[in-house]
There are 2 protein chains.
Amino acid sequence: MADTDELLSIRAAELYYEENKTQDEIGTVLRLTRWKVGRLLAQAKASGFIRIEIVHPRARRLSIERRLREKTGLTDAIVVSSAGVTSDEELQSRTAQAAADYLSGLRPVPRTLGISWGRTLHEVSLHVAQGWANGVNVVQINGGVSLNRRAGTAAATAVTIAHKASGAATLLPSPAILERLDTKNAIEADRSVAAVLNLGAAASAYLFSAGQADQNSALVDSGYLTAEQVAELVRKGAVGDIVGRYIDSNGNIVDPELDGRTVGIQLEQLRHAKTAVAVIAGSSKHAIARAVVGSGLCTVLVTDEETALAVLGDDS
Amino acid sequence: MADTDELLSIRAAELYYEENKTQDEIGTVLRLTRWKVGRLLAQAKASGFIRIEIVHPRARRLSIERRLREKTGLTDAIVVSSAGVTSDEELQSRTAQAAADYLSGLRPVPRTLGISWGRTLHEVSLHVAQGWANGVNVVQINGGVSLNRRAGTAAATAVTIAHKASGAATLLPSPAILERLDTKNAIEADRSVAAVLNLGAAASAYLFSAGQADQNSALVDSGYLTAEQVAELVRKGAVGDIVGRYIDSNGNIVDPELDGRTVGIQLEQLRHAKTAVAVIAGSSKHAIARAVVGSGLCTVLVTDEETALAVLGDDS
DNA sequence: ACCACGGATGCTCAGGTGAGCAACCTAGAC
DNA sequence: GTCTAGGTTGCTCACCTGAGCATCCGTGGT
């Protein structure tokens, strides 16, 4: 009987959703009362046989967003749907788009926006709409100018976002990581650098991404670290980096010595920020995303469906 | 504007389908009238952004079935959904189940049912429900006893189906293909074989599957043909076989000489049958399915979603 | 044989929703 | 400036649908 009912509920669902017949008509076809049909349909839904997906690059998963807000202490969460996505690139592009959208809608509009740099942030900058705000100044919060492969990408990111909001960009004229601690101290003490760091520390909102801890990291790519150094960090528990600083799954600095040579905003400053938007997408970044959210390094997370589920601990 | 509307329709769809809010509530959230929301929703549906799938082993694709009936001359078509299917085996199992279901519901109940043999048909026999009919006699319509690897599978298929309908099974005591034409003529002339062939020719319904033309064919497996012979048939245009006879994409016999040595029902007899049910599933059988349906070799097709679309010519 | 009980069934009724229609903008032609 | 055609908007109304409720039925206990 339960078996018959299950089969019937499937037949009813086919007629209802595929052929869009009315429950009454289905009743006639299957020789049931329309109330029975309604109950079968409800049963089919409850059993999870009916899957409704919104297939669109801009589609979001509100239910996952809600769960994220509730389970973690996030102020807000944006989760893009991965329905119909085939490549990781597409997923990252969708997420970048969503981050750009979120930035445009951010209220109050930040007077100063602190940003990091990287592939993700650059893509966000491209998706931001012209005139998304009026007079937002953008300041880089971690070092890294001009060493990376396509020189100027980091600068372009900040400039583009600022320009599209009729604001000015302030670049941080320093490498991301210095080889010697005293060099780092010296450069931080330099007036031009210190001013930018202070500006960054006082930003009204932050937008940053994260890197996974492996040889594909942007820091390796840019020549600040070697693949071996990253492997060593992983051995010490690193799951990835944000603003150039490697953290473990609890959000703690993995290598204080290395961190001491890293120029940019302190994690504690991010942790105490009113608005810190992390944009993290892709299957390789589940661990770092979990660490960032779990240790309160951001107040807003923009991510993809799978990463969001990983953060929630819903994956196997 | 069109862009804004598209985005709005996605937002509306999220709230409607994921959060199941009412159109009125959505109107309040998005600052729209409820009619506008209704139109956005309709637009989202029309644009194909809303995908509703019924995820269940017994789910069918009624819309494809209808198109098949309309576009081809089929009396009936059963198309199982491939939503959530990962392996070809699962797809074939679902299709076999559907064929068994169809057989049970076939009206008028056939007094004599002619069947072929093979992996697919065997699986159908397992899925047929005990007592699916009362007093249906089953007769094999093509040769092939006991030569195949697991001897007796062909016989078991017929016996099982007959037994479950409280009927008797009549086996065709002959190889599928003979090496010499005169041996074939002699065996056909033998009274015990001729009687079965006549019985098969007079069956009130037929149920058969199809094989693809490659080295994985059941006929190769059973030792009736070598892989080289099949390759030669393919060179001549063969796309697969039904009841042991290889046909090209137009449904014509590929090799009349070989066909002359094949024991079993003639294709013309199938073509003129009132009820001929073909069960064909799996990605490797798209071509043969198209040939069978296109040349009127069956009146009913039981298949999977992808194969059905291939038959309709919807694939690239 | 009788009764109590849980689950299924059919119904009422209050919303929710889509089709169809009139009013209204808007943009271009003259 | 005026007019017209096409598209959009807000609305009515009839229909569809889900929640809640009374009833029925079969089962197991006494």
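First the proteins, then the strands, lettered A, B, ... as listed; each starts at 1.
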Inset, instruction - May I ask you to decide whether R11(A) forms a salt bridge with E14(A), counting only side-chain N to carboxylate O separations under 4.0 Å? - result: yes

Inset, instruction - Decide yes or no, distance alone: a donor-acceptor N/O pair under 3.5 angstrom between the base of dG18(C) and the side-chain of R34(B). - result: no

Inset, instruction - To the nearest Å, give me how far apart NZ (K45(B)) and C1' (dA19(C)) are. - result: 14 Å

Inset, instruction - In plain terms, say whether E65(A) and R61(A) are close enough for a salt bridge, that is, a side-chain N and a carboxylate O under 4.0 Å apart. - result: no

Inset, instruction - Would you kindly give the CG-to-C1' distance between N20(B) and dG18(D), to the nearest whole Å? - result: 12 Å

Inset, instruction - Tell me whether the OP1 or OP2 atom of dG15(C) has a side-chain N or O from Q23(B) closer than 4.0 Å. - result: no

Inset, instruction - In plain terms, say whether R94(B) and D304(B) are close enough for a salt bridge, that is, a side-chain N and a carboxylate O under 4.0 Å apart. - result: no

Legend entry - Atom-pair distance (CG on L41(B); P on dA19(C)), nearest Å: 12 Å

Inset, instruction - Could you tell me the separation between the CG atom of L8(A) and the C1' atom of dT9(C), rounded to a whole number of Å? - result: 15 Å

Inset, instruction - Provide, to the nearest angstrom, the distance between the CG atom belonging to D24(B) and the P atom belonging to dT17(C). - result: 8 Å

Legend entry - dG15(C) OP1/OP2 closer than 4.0 Å to side-chain N/O of T22(B): no

Legend entry - Basic-acidic side-chain contact under 4.0 Å: E19(A), R66(B): yes

Inset, instruction - Please state how far atom OH in Y16(B) lies from atom C1' in dT17(C), giving the value in whole angstrom units. - result: 7 Å

Inset, instruction - Taking only the side-chain nitrogens and oxygens of T33(A), find out if one of them lies under 4.0 Å from OP1 or OP2 of dG10(C). - result: yes

Inset, instruction - Specify the separation, in whole Å, of atom CG of L32(A) and atom P of dA8(C). - result: 15 Å

Legend entry - Between P of dT12(C) and CH2 of W35(A), the distance in whole Å: 7 Å

